[in-house]
Amino acid sequence: MNTLYKKILPAFAVVVLNVFAGAVKAQAQTVWLDELDLSNATQGYGVPKKNKTVDGKTITIAGKTFKRGFGTHAESSLMIELNGKASTFTTHVGIDDEIKGHEPAAEFVVSGDGKKLWSSGVMRLGDSARFCKVNVTRVKMLELIVTDGGNGNYYDHADWADAKFEISDAGGIATFNPIAKVPYILTPKAPASPRINGASVFGVRPGSPVQFQVAATGNRPMVYTAAGLPKGVNINKSTGLITGRLNAAGTYVVTLTAKNAKGSAQRKLRIVCGEHMALTPPMGWNSWNCFAGEVSAEKVKRAAAAMVKSGLINHGWTYINIDDFWQNNRDSKDQTLRGKFRDEAGNIMPNVRFGNMKGLADSIHQLGLKVGLYSSPGPWTCGGCAGSYGYEKQDAQIYAKWGFDYLKYDWCSYGNVIDGLPDNDPDKVSSLSYKGGNQLATAIKPFDLMGKYLLEQPRDIVFSLCQYGMSDVWKWGGSTGGSLWRTTNDITDTWTSVKNIILAQDKSAPWAKPGNWNDPDMLVIGTVGWGSPHPSKLKPDEQYLHFSLWSLFAAPLLIGCDMEKLDEFTLNLLTNDEVIAIDQDPLGKQATCVQTIGELKIYTKQLEDGSKAVGFCNFGMQPVKLSYNDFKQLGISGKQTVRDLWRQKNVAAVTAGKDQLPLNVPAHGVLLYKFSKAKA
Ligand code: GLA
């Protein structure tokens with residue numbers, strides 16, 4: 001409307017024209033991204049924020065502030081159903097200034113119906129916001145993606161600022177998330193008659209105390225016997241706890257029997273007295289993902305009690321591991337964490353929340369469980385508690401004296417030791433790198449030292465290395481006396497975290513073997529939260545995929561949730577004996593990905609009995625339906641029985657090269673099958 005018309009038209013006509021213009025405008029309406037439901041986004045850290053950054057601050061990119069937008073964190077995905085109703089999408093994107101001092105990198109991608117429509121290129125802190133305008137007229141489904149920019153997703157605080165759509169249909173547009181939310185149970189209930197579960201091989205060193213709990217489901221009372229037990233070792237008939245001591249190396253094959261009013265079950269147990277502990281991946285619980293710095297002896301005891309009461313002990317779950325914060329802390333304001341780090345003799349002092357460590361270990365052993373502890377080769381743990389630096393021998397001795405069975409040894413401040421930085425250096429708990437370079441000998445040294453002292457103790461202490469996979473730890477972790485080692489950084493309960501950890505496992509797979517395990521970190525199912533408890537943010541199918549892959553990987557299985565809040569779904573995940581048997585298979589092979597079909601990745605694991613466990617894992621946002629017949633790729637031939645392990649039932653008989661196997665894999669879900677040669 002130009003001014004000339006306004007001058008010559010009577011006032012009422014101007015009103016009419018303005019109303020008309022308004023109507024046109026109402027048709028081509030602006031919908032701000034922040035007006036949509038952002039909770040449908042998935043992201044690598046925090047929760048989606050409306051008109052704020054992921055940390056809840058004003059959106060600021062290279063000094064420029066924005067009032068509106070979507071604050072997220074790589075890796076992030078938000079899906080919006082447009083169905084052709086929108087014409088344009090505009091936004092500014094960038095890394096938020098709130099992350100000063102770090103080196104984030106991320107790429108913003110706008111994708112329409114699976115095709116890339118626009119990309120920001122990799123953006124870094126301080127880059128001015130980049131403007132994006134895309135025509136979305138024909139787009140049905142738009143996805144706003146933030147990738148990790150190729151350097152992991154640390155500190156990738158990503159903003160979609162002033163993001164908006166021009167839409168033509170007042171019916172509107174909406175976000176959605178195609179991953180199913182409703183939990184469903186697959187694990188059949190264990191029968192009332194006895195069934196023996198868990199590890200079928202057990203390693204112990206000559207002279208060390210033997211403690212092995214026979215895991216059996218079925219009605220109680222149960223009577224346990226073990227035929228062929230070597231001299232010096234006995235079974236408690238009513239609890240199934242095998243204890244004693246073996247002085248000579250050797251392999252002893254024992255026949256276990258569990259009997260109740262409904263029947264009896266038998267199984268062989270191989271006791272291998274030799275150099276190695278952890279002949280199958282350790283299974284248990286760790287306090288960190290649940291309690292973090294809020295852990296106490298009381299909470300640990302309650303977790304142990306819940307391990308028994310929930311029946312998890314009957315499926316092979318064994319260790320109760322205390323993570324960081326049982327020691328006194330350097331800078332906490334919490335008085336229960338303040339106190340002397342060591343006594344006059346240099347012995348490590350537990351904080352007042354713990355007190356009597358021997359008493360705690362004894363009480364856990366009495367339940368038929370084992371108990372673990374945590375320290376750092378540096379002066380401080382990751383949480384700033386007293387570490388073992390300079391006291392390695394004394395610490396190993398005291399752990400043994402208290403009766404501990406497991407030590408997680410976490411790099412953390414050790415980088416400062418190498419760099420000669422003072423203990424109070426601001427970088428003191430930096431964990432990922434040290435300026436001295438990643439020389440192999442430097443990386444190995446602290447683990448060699450503690451490993452040697454642990455092996456000198458008169459009891460078996462499983463040594464768990466935690467240094468996030470630096471210097472290809474899988475190649476040398478075993479030589480330090482380590483039974484397991486973390487391969488990646490800390491897990492969180494997000495799809496991004498779990499997916500990225502999974503995709504990083506293949507390179508270490510050849511080094512997994514009985515006594516030496518790659519550790520992709522603890523399970524993030526159930527009520528987790530590192531001190532702020534919440535149900536795992538992983539969707540049910542994502543949890544099935546997580547547990548299936550950990551089993552295929554022969555990963556240590558460490559429950560990270562509040563054991564007193566085990567819901568039915570979580571118990572269903574933790575008590576499937578056929579799935580656990582894949583993890584605990586005595587051959588000790590780690591699955592690798594042998595085939596990729598679109599978003600479907602197929603993992604195979606060779607099992608001791610000649611059969612193969614196969615995980616059909618869908619990393620995509622849509623279900624995968626296909627008729628599979630490429631068995632050669634999986635190393636499978638001949639006539640096979642196909643068993644669905646989660647459902648514990650045979651689902652097909654196929655002849656490789658001839659038959660098709662119909663697959664229907666949920667989005668972010670899994671089918672975990674076992675292929676066994678069919679009897680002729
Ligand atoms: C590191 C480890 C975690 C946990 C914490 C404790 O981050 O990777 O598993 O032990 O330290 O502070």
Side-chain angles (χ1 to χ4, degrees), residues 44-45 152-155 282 284-296 299-300 303 319-332 334 337 341 348 350-351 353-354 371-389 399 404 406-416 427-434 443 446-447 450 462-471 473 477 482 484-494 497-498 500-501 504 517-525 528-532 550 555-561:
Y45 164 86
N153 73 340
Y154 311 107
Y155 302 103
W285 174 85
N286 172 294
S287 59
W288 184 251
N289 290 356
C290 163
F291 298 126
E294 305 293 314
V295 68
S296 66
K299 287 179 177 160
V300 171
Y319 288 93
I320 296 290
N321 292 347
I322 306 162
D323 207 276
D324 208 351
F325 287 88
W326 62 270
Q327 324 85 324
N328 279 311
N329 194 277
R330 185 189 50 208
D331 31 35
S332 172
D334 183 337
L337 294 171
F341 300 123
I348 183 85
N351 61 44
R353 295 177 187 173
F354 279 86
V371 60
L373 211 53
Y374 167 98
S375 189
S376 169
W380 307 108
T381 65
C382 298
C385 296
S388 293
Y389 183 64
Y399 303 152
F404 278 80
Y406 188 111
L407 176 70
K408 173 175 168 184
Y409 207 45
D410 194 348
W411 179 267
C412 269
S413 63
Y414 191 77
N416 287 21
D427 275 350
K428 61 200 155 206
V429 290
S430 82
S431 49
L432 276 181
S433 62
Y434 47 97
F447 296 103
M450 182 52 102
V462 169
F463 190 28
S464 154
L465 279 58
C466 179
Q467 44 83 291
Y468 338 109
M470 290 189 292
S471 309
V473 58
L484 61 150
W485 38 82
R486 282 269 298 280
T487 51
T488 42
N489 223 294
D490 291 16
I491 199 167
T492 60
D493 59 325
T494 62
S497 168
V498 171
N500 289 342
I501 287 179
W517 309 108
N518 291 308
D519 175 7
D521 207 359
M522 298 166 285
L523 298 164
V524 278
I525 61 179
V528 291
W530 299 268
S532 2
W550 262 236
L557 296 177
L558 292 165
I559 303 170
C561 72

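We count ligands from 1, going down the list as the structure has it; atoms in each ligand are counted the same way.
In this structure, of D519, D490, T381, D323, the residue bringing a heavy atom nearest to atom 6 (C) of ligand 1 is D323.
W550 places a side-chain N or O within donor-acceptor distance of the main-chain N or O of D521, the cut-off being under 3.5 Å.
The contact set between ligand 1 and R486, taken as ligand atoms under 4.0 Å from a residue heavy atom, comprises 2 (C), 8 (O), 9 (O). Below 4.0 Å from some heavy atom of G383 lie the following atoms of ligand 1, by number and element: 12 (O). Listed by number with element, the atoms of ligand 1 under 4.0 Å from a non-hydrogen atom of Y468 are 8 (O). Taking a cut-off of under 4.0 Å to the non-hydrogen atoms of K408, the atoms of ligand 1 that pass are 3 (C), 4 (C), 9 (O), 10 (O).
Residue C466 touches ligand 1 through its side chain alone, judged by heavy-atom distances below 4.0 Å. Only the side chain of D410 comes within contact range of ligand 1, with a heavy atom under 4.0 Å; no backbone atom does.
N351 and W326 share no donor-acceptor pair across their side chains, judged by distance under 3.5 Å alone.
Y374 counts as a contact of ligand 1, since one of its heavy atoms falls under 4.0 Å from the ligand.
From the protein, the heavy atom lying nearest to atom 12 (O) of ligand 1 is D324 OD2, 2.7 Å.
Between F325 and W288, the two ring planes are parallel [angle under 30°; tilted spans 30° to 60°]. Using a 30° and 60° split on the angle between ring planes, Y409 and F447 fall in the perpendicular class, above 60°.
Taking the charged nitrogens against the carboxylate oxygens, K408 and D519 have no contact shorter than 4.0 Å, which rules out a salt bridge.
Nearest heavy atom pair, residue C382 against residue Y468, reads SG-OH, 3.7 Å.
The residue from N286, D410, D323, N321 that alone fulfils the side chain to side chain donor-acceptor pair (under 3.5 Å) condition with Y374 is D410.
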